[in-house]
Number of protein chains: 2
Amino acid sequence: MRIPILKLKNLLLVSIQVMLDDKTALELQEDLLHKIHETSAEGVVLDLTSLDMIDSFIAKVIGDMVSMAELMGAKVVLTGIQPAVAITLIELGISLPDILTALDLEKGIGLLKEINVVHL
Amino acid sequence: MRIPILKLKNLLLVSIQVMLDDKTALELQEDLLHKIHETSAEGVVLDLTSLDMIDSFIAKVIGDMVSMAELMGAKVVLTGIQPAVAITLIELGISLPDILTALDLEKGIGLLKEINVVHL
């Protein structure tokens, strides 16, 4: 099953609530980019609250997904990064530079409002 | 895979983007009721945009889910009901009485705002 992407005005919401295997992560990357193109979304909130663990491949897919989305003109916020995920990312030396993060979905949307990307 | 439920303040968002089989529909019913209890959500938007077809069992599960959620104190709006789904519901004689509906996710949230259920 593919991960659902919700459209809310000019914002896309993605909530990852399953363990991401490599195939699902790549499908999400593809789906998200298509959806940004299709809906002309200007902001994306990618909620990782339910993601308990991460490996270097998934981290790279997520990092690439953010860079690709921003190339297309959408601002991305990662939300709900769990302690274990944060530890793994830093220990793997993956810094996700210049990526906006927030504590949860609401704060992520709030951040996009603050930088005038979305107006809900 | 279970259908993700997103929390946005006192609102839960559910977007069904797969064909609902009987097991998935029952799991969603259970998950949604638990999530309402857990988060004290006051509004639920159930987006059916990607649901192309429906049968009498799924229609009953969805109808029951709405009644159960409202019993628990959450107001539910169904959004994005496709023409084929609307036709099937009426032809099956399933009227989903007293259920709030709206054209899409945004309008569904708008409706809950109007009746003062959510304040985003």
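Here is the naming used below: chain letters follow the sequence lines, and residue numbers restart at 1 for every chain. Since the structure is predicted, the reported quantities are computational estimates derived from the model, not experimental observations.
For A/Thr88, there are no side chain to side chain donor-acceptor pair (under 3.5 Å) partners, not counting sequence neighbours. By the salt bridge (charged side-chain N to carboxylate O under 4.0 Å, His left out) test, A/Glu30 is found to be paired with no residue, residues two or more places apart in sequence or in another chain being considered.
Counting heavy atoms of neighbouring residues, nucleotides and ligands inside a 6.0 Å radius, atom CE of A/Met72 exceeds 12 of them.
A donor-acceptor pair is defined here as one N or O able to donate and one able to accept, closer than 3.5 Å; such a pair exists between the side chain of B/Gln17 and the backbone of A/Ile5.
Counting only heavy atoms from C-beta outward, the side chains of B/Leu8 and A/Glu106 approach each other to under 4.5 Å. By the 4.5 Å heavy-atom criterion applied to side chains, A/Leu13 and B/Leu6 are counted as neighbours.
Both B/Ile16 and B/Phe57 belong to a common hydrophobic cluster when Ile, Leu, Val, Met, Phe, Trp and Tyr are linked at side-chain heavy-atom distances under 4.5 angstrom.
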